[in-house]
Chemist: 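One structure is given below, represented as structure tokens, and several questions about it will come after.
Since this is a predicted model, take the numbers as computed values, not measurements.
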Amino acid sequence: MDSSAPREPGATEPPARVRPRLVFRTQLAHGSPTGRIEGFTNVRELYAKIAEAFGIAPTEILFCTLNSHKVDMQKLLGGQIGLEDFIFAHVRGETKEVEVTKTEDALGLTITDNGAGYAFIKRIKEGSIINRIETVCVGDSIEAINDHSIVGCRHYEVAKMLRELPKSQPFTLRLVQPRRAFDMIGQRSRSSKCPVEAKVSSGRETLRLRSGGAATVEEVPSDVEAAATRRVDDLLESYMGIRDPELAAAVVETARSSAGAQAFARGLDAVLGEFAFPDEFVVEVWAAIGEARDACG
């Protein structure tokens, strides 16, 4: 039927398609009543909504996990939230200072950030310099290096600062640990050693948060995209000491629209030039994405 044709007298307009309200459940990870939030388009707005629900300042929130109150780095909130996910907010706990002597080039840290000004420790390598300091834990936010505040810095900036510190010269880290409930006090092990919790069922659509512009509801990434993103995230850790699934997904998206390796390199420079990816990293990423495509058929 031609939608431009005049309607019969007395005919009613078809009902407009009403988009359902996206309401998410949230709770403070150390314990609180359940809150409900909606109407956010990026991580900063999300934190503001959570803070409003619980009467705290947004700057109190260090990071969020999905469907687990534990400091579980496998369940960190990134750039997407499943429509049935439960959001747990981890807030500031005790502040501590540790002195570190850099006896090797690498400290053994993987850094990530919450997208709202706080960089924190996502992984500690077994046997590394940092692993030998018992008071430093996964989930600790890095607030200052040698009394120089790094609040507001992205994770790759913090990783670069730590890499550039001179060897054999002590430096100080000021850390903020997430507030813990009683059953979490003393947790030292990495998330992989935590008991597996019952999985919360998740919808096949996710809310994708954007740093600029409106959030969008999208289908869950395909198996190929998910596998490629995991491989790129591993390479980010290997080359830069950071993990960032959202950044890895952006790299995979750039590769998808590139006709070849050279076009991919140009695309990365145009979209993500601030990261100054080394040439060997770009070559390995292109190969890893191709391997992910082949493995998934």
Side-chain angles (χ1 to χ4, degrees), residues 29-30 59-65 68-77 88-195 233-245:
H30 64 276
T59 52
E60 287 294 300
I61 302 172
L62 297 180
F63 56 86
C64 294
T65 50
S68 174
H69 71 280
K70 297 179 182 292
V71 180
D72 187 339
M73 297 293 106
Q74 300 303 313
K75 297 183 179 179
L76 273 179
L77 182 150
F88 288 91
H90 299 255
V91 302
R92 293 174 63 93
E94 294 184 8
T95 300
K96 53 194 175 184
E97 288 198 355
V98 296
E99 186 174 278
V100 184
T101 299
K102 191 176 182 183
T103 56
E104 304 169 23
D105 290 330
L107 293 170
L109 285 178
T110 297
I111 309 294
T112 190
D113 67 52
N114 67 358
Y118 289 145
F120 58 94
I121 299 170
K122 186 168 184 180
R123 182 177 295 177
I124 297 174
K125 185 178 180 181
E126 295 286 350
S128 65
I129 296 170
I130 293 296
N131 187 240
R132 295 193 287 269
I133 304 175
E134 286 293 321
T135 54
V136 180
C137 298
V138 167
D140 287 351
S141 172
I142 304 174
E143 191 169 69
I145 301 172
N146 285 334
D147 290 326
H148 172 68
S149 173
I150 56 97
V151 174
C153 294
R154 293 302 310 273
H155 51 0
Y156 57 89
E157 296 174 308
V158 177
K160 184 172 184 289
M161 292 178 203
L162 293 172
R163 280 200 304 270
E164 292 177 348
L165 289 169
K167 289 173 66 174
S168 304
Q169 193 170 328
F171 66 93
T172 302
L173 287 177
R174 186 162 73 242
L175 306 170
V176 180
Q177 68 182 37
R179 185 174 174 185
R180 291 174 168 87
F182 289 113
D183 66 331
M184 299 169 70
I185 291 176
Q187 178 177 331
R188 167 67 180 168
S189 62
R190 293 184 295 175
S191 59
S192 59
K193 298 178 183 177
C194 294
D233 203 22
D234 289 342
L235 287 170
L236 284 170
E237 181 177 23
S238 175
Y239 275 86
M240 303 177 68
I242 64 174
R243 289 191 81 88
D244 187 334

Chemist: What's the separation between atom CZ in R180 and atom NE2 in H69, rounded to the nearest 0.5 Å?
Modeler: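 Spacing of CZ (R180) from NE2 (H69) equals 11.0 Å.
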Chemist: What residues, two or more places apart in sequence or in another chain, satisfy side chain to side chain donor-acceptor pair (under 3.5 Å) together with E99?
Modeler: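 E99 satisfies side chain to side chain donor-acceptor pair (under 3.5 Å) with no residue once adjacent residues are dropped.
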Chemist: R174 and T95: side chain to side chain contact (heavy atoms under 4.5 Å, CB included), yes or no, with the steps?
Modeler: CA-CA 7 Å; R174 186 162 73 242; T95 300; 3.7 Å; yes
Chemist: Can I get a per-line list of side-chain donor-acceptor pairs under 3.5 Å for residues 145-159, giving both atom names and the distance, sequence neighbours left out?
Modeler:
residue : atom : partner : partner atom : Å
N146    : OD1  : T172    : N            : 2.8
S149    : OG   : V151    : N            : 3.3
R154    : NE   : D113    : OD2          : 2.7
R154    : NH2  : D113    : OD2          : 3.4
H155    : ND1  : D113    : OD2          : 3.3
H155    : NE2  : D244    : OD2          : 2.7
Y156    : OH   : E274    : OE1          : 2.6
E157    : OE1  : R154    : N            : 2.7

Chemist: Does K96 have more than 12 heavy atoms from other residues, nucleotides or ligands lying within 6.0 Å of its NZ?
Modeler: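 Counting other residues, nucleotides and ligands, NZ of K96 exceeds 12 neighbours.
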Chemist: I'd like a table of donor-acceptor pairs (distance under 3.5 Å, sequence neighbours excluded) in which one partner is a side-chain atom from residues 102-109, with atom names and distances.
Modeler:
residue : atom : partner : partner atom : Å
K102    : NZ   : L162    : O            : 2.8
K102    : NZ   : R163    : O            : 2.7
K102    : NZ   : L165    : O            : 3.0

Chemist: Count the heavy atoms belonging to other residues, nucleotides or ligands that lie under 6.0 Å from CD of E94, then report whether that count exceeds 12.
Modeler: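 Atom CD in E94 is not crowded, with 12 or fewer foreign heavy atoms closer than 6.0 Å.
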Chemist: Going by the rule side chain to side chain contact (heavy atoms under 4.5 Å, CB included), which residues pair with S168 if we only count those two or more places apart in sequence or in a different chain?
Modeler: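 Here no residue qualifies.
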Chemist: Determine, stepwise, if the pair I111 / F120 fulfils side chain to side chain contact (heavy atoms under 4.5 Å, CB included).
Modeler: CA-CA 6 Å; I111 309 294; F120 58 94; over 6 Å; no
Chemist: Which atom names give the shortest non-hydrogen contact between S141 and L62, and what distance separates them?
Modeler: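 Taking S141 first and L62 second, the nearest heavy atoms are CB-CD2, 3.9 Å.
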Chemist: Could you walk me through whether L77 and F88 pass the side chain to side chain contact (heavy atoms under 4.5 Å, CB included) check?
Modeler: CA-CA 9 Å; L77 182 150; F88 288 91; over 6 Å; no
Chemist: Going by side chain to side chain contact (heavy atoms under 4.5 Å, CB included), name the residues that satisfy it together with E237, two or more places apart in sequence or in a different chain.
Modeler: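 Applying side chain to side chain contact (heavy atoms under 4.5 Å, CB included) to E237 gives T110, R123, R243.
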Chemist: Where is the tightest heavy-atom contact between R132 and G127, given as atom of each residue plus distance?
Modeler: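 What the structure gives for the nearest pair is NH1-O, 2.9 Å.
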Chemist: Can a donor-acceptor pair be found, under 3.5 Å and without considering hydrogens, that links the side chain of R92 to the backbone of Q177?
Modeler: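 Absent.
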Chemist: Holding to side chain to side chain contact (heavy atoms under 4.5 Å, CB included), I want the full list of residues that pass it with T59, two or more places apart in sequence or in another chain.
Modeler: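 In terms of side chain to side chain contact (heavy atoms under 4.5 Å, CB included), with neighbours along the sequence ignored, T59 is linked to A57, Y118.
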Chemist: What's the shortest heavy-atom distance between I129 and T101, and which atoms?
Modeler: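 Looking at all heavy atoms of both residues, the shortest contact is CG2-O, 3.8 Å.
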Chemist: What's the spacing between K160 NZ and M240 CE if we round to 0.5 Å?
Modeler: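 Reported to 0.5 Å precision, the distance equals 10.5 Å.
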Chemist: Closest approach of N131 and E126, non-hydrogen atoms and distance?
Modeler: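 Of all heavy-atom pairs spanning N131 and E126, the closest is OD1-OE1, 3.8 Å.
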Chemist: Grab the two heavy atoms, one from F63 and one from G139, that are nearest each other, plus how far apart they are.
Modeler: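 Taking every non-hydrogen atom into account, CE2-O, 3.4 Å.
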Chemist: Roughly how far, to the nearest 0.5 Å, is CG of L173 from CD1 of I133?
Modeler: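 Those atoms lie 7.5 Å apart.
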Chemist: Please report the C-alpha distance between N114 and I61 in whole Å, then the side-chain angles of each, then the deciding distance to 0.1 Å, and finally whether the side chain to side chain contact (heavy atoms under 4.5 Å, CB included) criterion is met.
Modeler: CA-CA 9 Å; N114 67 358; I61 302 172; 5.8 Å; no
